[in-house]
Amino acid sequence: MAIQLYDSLTRSLKPLRPSQPDGVFRFYNCGPTVYAPAHIGNFRTFVVNDVLRRLLELEFGPDKVKHVRNLTDVDDRTIGQTQKEKRPLAEITKKWTDKFHADCAALNCLPPHVEPTATGHIPEQVSMIECLMEKGNAYRAADGSVYFKIDSFPGYGALSRIKERELKITNAVADADHKDSVSDFALWKAYKPAEDGDVKWPGPRGASEGRPGWHIECSAMSKKHLGDTIDLHTGGVDLLFPHHENEIAQSQCCNGTTFANHWYHSEHLLVDGTTMSKSKGNYYTLSDLLEKGYSPMAVRYALLAGHPRKQLNFTLDSLHAAEKALSTLRSYRATLSAQGGTPDTFAAVFAALDDDLNTPGALGALFTLVNRGTAGVDTAGFDRVMFALGFDLNAASAPKAEAPAAVSALAEKRWAAKQSKDFAAADALRKELTAAGWSMLDRKDGYSLEPLKKA
RNA sequence: GGCGCGGUAGCCAAGUGGUAAGGCCGAGCUCUGCAAAAGCUCUAUCGCCGGUUCGAUUCCGGCCCGCGCCUCCA
């Protein structure tokens, strides 16, 4: 059964199908800018795209999906960071690329098949800009920068439905002096010694040395790794305009063909009802949540608990709920036998996923089945569902924290009191442990200690 | 101002023209020195007002409230 996915361009549900004769599904997902740790809002997009990647593999076969996700390693923010830290660009971007990879791995996201970087594709970008200049879609500005001429592309605005004249005039006027029109966007930015440090490359013919504008990297890298027409292009809603709109303009003017057959945008993660930002103090990284005692898998679960095309209000409670839900799945998995399953047991789960990536619907269907018991279910069938959702049930439920000596001592005392049936003392000690932030779990033959979740 | 999205139980969140999945929390019960774990049970008429309809939470219109984007933010 085909995967139906919302297409932002036609605003309708469309089936996902490879368009090339080789049957390979070409999938480009806009990746992160590596100048700081990605936050969980960023990861919502990447986790959602990971589920998509997994569904595509199940649908077309693991070797019939080509997944490309870029790393933006040169732009205003990365350069700004090098100036702030007085360190080379490559050092900064390496650091945050490594962190991004570690976080992705913790969240059990499959690595893309190709992960191109902007700095690794300067010639490709330059060549595309030259192509656009030759075709009259781009022009050199007085300072040596190159801009895309929006008027030259009649289709501009089709994706975002934004007409040039409807744009709110902001402080974009800063660069306006060099542009023919305020709405034209940079393909190549001329080198500015005071701001750019040593970050510069030889420019397109006729332009100054400098660096690529942000949008051109995706056009150039998708062309190189996936070809002129790709089957699916995805990203967060915020990329719809101007980033994706500009990519379409660049690619279609240069290549003369449809850039992407399908566009998909996942919605924002909100915290406290608003979008995350450092100034609001509601900015979470994965590390922040792990420090609070939550597991990466719970974060993944929480990110999938809302419909990907709907804003999701993230709360710490949702992580608690996720932790519990995963624990239920873990015990359920443990009761399953290796064989004897009925093939279509989890059809409802896949039906939900195939229907516009309805992850909360899929989770609902999954628990309905789990609550029904283990009849007709075997490990292989269940594991297929876990693969699709990307839940690694073997991953630790939560990082095992070592109890401080003082806490261990209290626990030992309480255990001894309990063994000697001094329940009053045992209860008093339990209260002390709670006050110290630890929970003591008794078993027949011993006990374990777990830190209480921090608020 | 332009474009778009949403308002479903204490919280999170699916869904359907015929009286509403699921997770968490909470309550009760079973089990158990206590706690935890496990099991069972219980908890909503879907923002407001009209309209269409035999029937609307689901379609249409209006209103109220919230959120996002509008040139470099996933």
Side-chain angles (χ1 to χ4, degrees), chain A residues 8 11 29-33 38-49 72 75-77 150 157 160-163 165-172 174-176 179 182-186 189 213-215 234-243 245-246 265-270 273-277 301-302 305-307 309-329 331 348 352 355 358-371 414 418 421-424 426-431 433-434 439-444 447-448 450:
Chain A
S8 310
R11 301 194 174 201
N29 171 20
C30 277
T33 302
H39 57 64
I40 55 167
N42 298 314
F43 281 117
R44 179 186 195 195
T45 297
F46 300 126
V47 165
V48 164
N49 275 274
T72 297
D75 76 324
D76 289 353
R77 290 178 298 164
I150 283 186
S160 56
R161 279 193 180 178
I162 283 186
K163 294 192 183 85
R165 60 185 63 90
E166 286 170 349
L167 292 182
K168 186 176 164 188
I169 303 303
T170 62
N171 56 358
D175 285 330
K179 302 185 194 177
V182 195
S183 301
D184 290 349
F185 60 91
K189 303 183 90 158
W214 175 39
H215 315 294
T234 68
V237 273
D238 50 330
L239 297 184
L240 228 149
F241 185 85
H243 188 53
E245 195 70 76
N246 293 352
H265 296 91
S266 43
E267 255 296 349
H268 278 301
L269 184 71
L270 306 181
T274 60
T275 187
M276 269 184 282
S277 75
Y301 188 105
H307 191 111
R309 286 199 300 108
K310 224 174 129 179
Q311 292 171 345
L312 174 64
N313 192 23
F314 179 83
T315 62
L316 292 180
D317 273 353
S318 70
L319 285 182
H320 173 79
E323 213 79 76
K324 289 282 194 177
L326 284 167
S327 159
T328 299
L329 293 178
S331 2
D355 179 16
N358 186 348
T359 51
L363 291 173
L366 174 61
F367 276 92
T368 300
L369 292 165
V370 165
N371 291 336
R414 198 189 80 86
K418 185 186 163 178
K421 308 272 184 199
D422 183 357
F423 296 128
D427 288 350
L429 284 160
R430 178 182 287 287
K431 280 184 183 168
L433 283 163
T434 304
S439 163
M440 185 165 171
L441 309 180
D442 296 355
R443 292 187 309 274
K444 278 184 180 164
Y447 63 88
S448 57
E450 279 185 12

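Computed from a predicted model, the values in this text were never measured in an experiment. Just so it is clear: chains get the letters A, B, ... in the order the sequence lines come, proteins before strands, and each one is counted from 1.
A:R309 comes within 4.0 angstrom of no nucleic acid atom, judged by non-hydrogen atoms across all strands. At a threshold of 4.0 angstrom between heavy atoms, the contacts of A:R11 are confined to the sugar-phosphate backbone, with no base atom among them. Within 4.0 Å of A:L441, counting heavy atoms only, lies at least one base atom of the nucleic acid. Nucleic acid contact class of A:N358 (heavy atoms, under 4.0 Å, all strands): sugar-phosphate only. Heavy atoms of A:G306 sit under 4.0 angstrom from primed sugar atoms or phosphate atoms, though from no base atom. In this structure, A:K418 reaches the bases: a heavy-atom distance under 4.0 Å links it to at least one base atom across the strands shown. Among the protein residues, A:T274 comes within range of the sugar-phosphate backbone only, with heavy atoms under 4.0 Å from sugar or phosphate atoms but none that close to a base.
OP1 or OP2 of B:G66 has not a single side-chain nitrogen or oxygen of A:N313 nearer than 4.0 Å. Residue A:K324 places at least one side-chain N or O closer than 4.0 Å to OP1 or OP2 of B:A37. An OP1 or OP2 oxygen of B:U71 is reached within less than 4.0 angstrom by no side-chain nitrogen or oxygen of A:N246. Here A:K310 reaches the OP1 or OP2 of B:G7: one of its side-chain N or O atoms lies under 4.0 Å away.
Rounded to an integer number of Å, the gap from CG of A:D442 to C1' of B:A38 is 16 Å. Across the protein-nucleic acid pair, A:H243 atom NE2 and B:C69 atom P stand 17 Å apart, rounded to whole Å. Atom CZ in A:R430 sits about 12 Å away from atom C1' in B:U32, given to the nearest Å. Atom CG of A:L363 is separated from atom C1' of B:A13 by 10 Å (rounded to the nearest Å). Straight-line distance from the CZ atom of A:R161 to the C1' atom of B:C5: 14 Å, rounded to whole Å. We find that CZ of A:F46 is positioned 13 Å from P of B:C73, with the value rounded to whole Å. B:C73 atom P lies 18 Å from atom CG of A:L269, rounded to whole Å. Atom OH in A:Y447 sits about 15 Å away from atom C1' in B:A36, given to the nearest Å.
Taking the side chain as every heavy atom from C-beta outward, A:M276 and A:I40 approach each other to under 4.5 Å. Between A:L329 and A:L366, the closest side-chain pair of non-hydrogen atoms falls below 4.5 Å.
Using a 5.5 Å limit on the distance between ring centres and a 30° limit on the angle between planes, the aromatic ring of A:F367 does not count as stacked on the six-membered base ring of B:G22.
At a cut-off of 3.5 Å, with distance as the only test, a side-chain donor of A:S8 or A:H265 sits close to an acceptor on the other residue.
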